[in-house]
Amino acid sequence: MVISGDGSSRSKSTMWGWLLVGIGSLVLLGFLFTAFISHLLPPSNYTLIAAIQNDSRYYCFLVPLTLPVLVVAVYFHWLSMKLFRHA
């Protein structure tokens with residue numbers, strides 16, 4: 001990224017950063033609702049929420065099964081940065 005003398009590129013980067021943080025926060029809240037909070041609520045008449053409440057096998061295994069994939073992704077990220085720095 002080329003940094004110009006004006007602050008327009010910096011303000012645009014800040015805007016994109018806050019947008020990504022906001023989207024990430026919404027995804028996190030949606031997952032928390034799906035995985036934990038929806039099971040604590042009384043049965044719903046809405047089809048989607050009722051399907052999520054009745055699904056007790058998928059979402060309870062989602063986080064534990066995602067952790068090994070996260071470890072592999074972090075390792076490959078570290079490896080690529082080492083190869084980039086020493087190339």
Side-chain angles (χ1 to χ4, degrees):
M1 179 170 98
V2 177
I3 299 176
S4 61
D6 58 46
S8 66
S9 64
R10 185 174 200 156
S11 65
K12 192 178 285 189
S13 295
T14 303
M15 179 198 65
W16 278 107
W18 280 112
L19 180 70
L20 291 174
V21 167
I23 290 171
S25 299
L26 287 176
V27 168
L28 176 67
L29 289 175
F31 170 73
L32 289 175
F33 173 78
T34 303
F36 301 112
I37 299 172
S38 68
H39 296 292
L40 301 174
L41 296 174
S44 176
N45 293 333
Y46 294 109
T47 309
L48 180 64
I49 295 176
I52 290 170
Q53 286 176 337
N54 294 332
D55 186 23
S56 62
R57 296 194 54 98
Y58 177 74
Y59 291 107
C60 64
F61 293 123
L62 185 63
V63 172
L65 291 175
T66 304
L67 290 176
V69 175
L70 179 66
V71 169
V72 170
V74 168
Y75 172 73
F76 282 136
H77 175 70
W78 173 82
L79 182 65
S80 66
M81 287 302 296
K82 286 294 181 182
L83 291 174
F84 178 74
R85 285 186 181 180
H86 297 292

Mind checking who shares a hydrophobic cluster with V72, ILVMFWY linked at side-chain heavy-atom distances under 4.5 Å?
Y75, F76, W78, L79, L83
Same cluster for L19 and M15 if Ile/Leu/Val/Met/Phe/Trp/Tyr side chains link at under 4.5 Å?
yes
Residues that, via side-chain heavy atoms closer than 4.5 angstrom, fall in one hydrophobic cluster with I49:
Y46
Are L67 and F31 grouped together when hydrophobic residues (ILVMFWY) are joined by side-chain heavy atoms under 4.5 angstrom apart?
no
Members sharing M81's hydrophobic cluster, built from side-chain contacts under 4.5 Å between Ile, Leu, Val, Met, Phe, Trp and Tyr, are none
Among Ile, Leu, Val, Met, Phe, Trp and Tyr joined by side-chain contacts under 4.5 Å, find the other residues sharing a cluster with F33 and list them by chain and number.
I37, L41
Excluding sequence neighbours, so at least two apart, what forms side chain to side chain contact (heavy atoms under 4.5 Å, CB included) with L29?
none
Could you tell me which non-hydrogen atom of S44 sits nearest to which non-hydrogen atom of A50, and how far apart they are?
O-CB, 3.8 Å
Considering residues at least two apart in sequence or located in another chain, which fulfil the side chain to side chain contact (heavy atoms under 4.5 Å, CB included) criterion with L26?
none
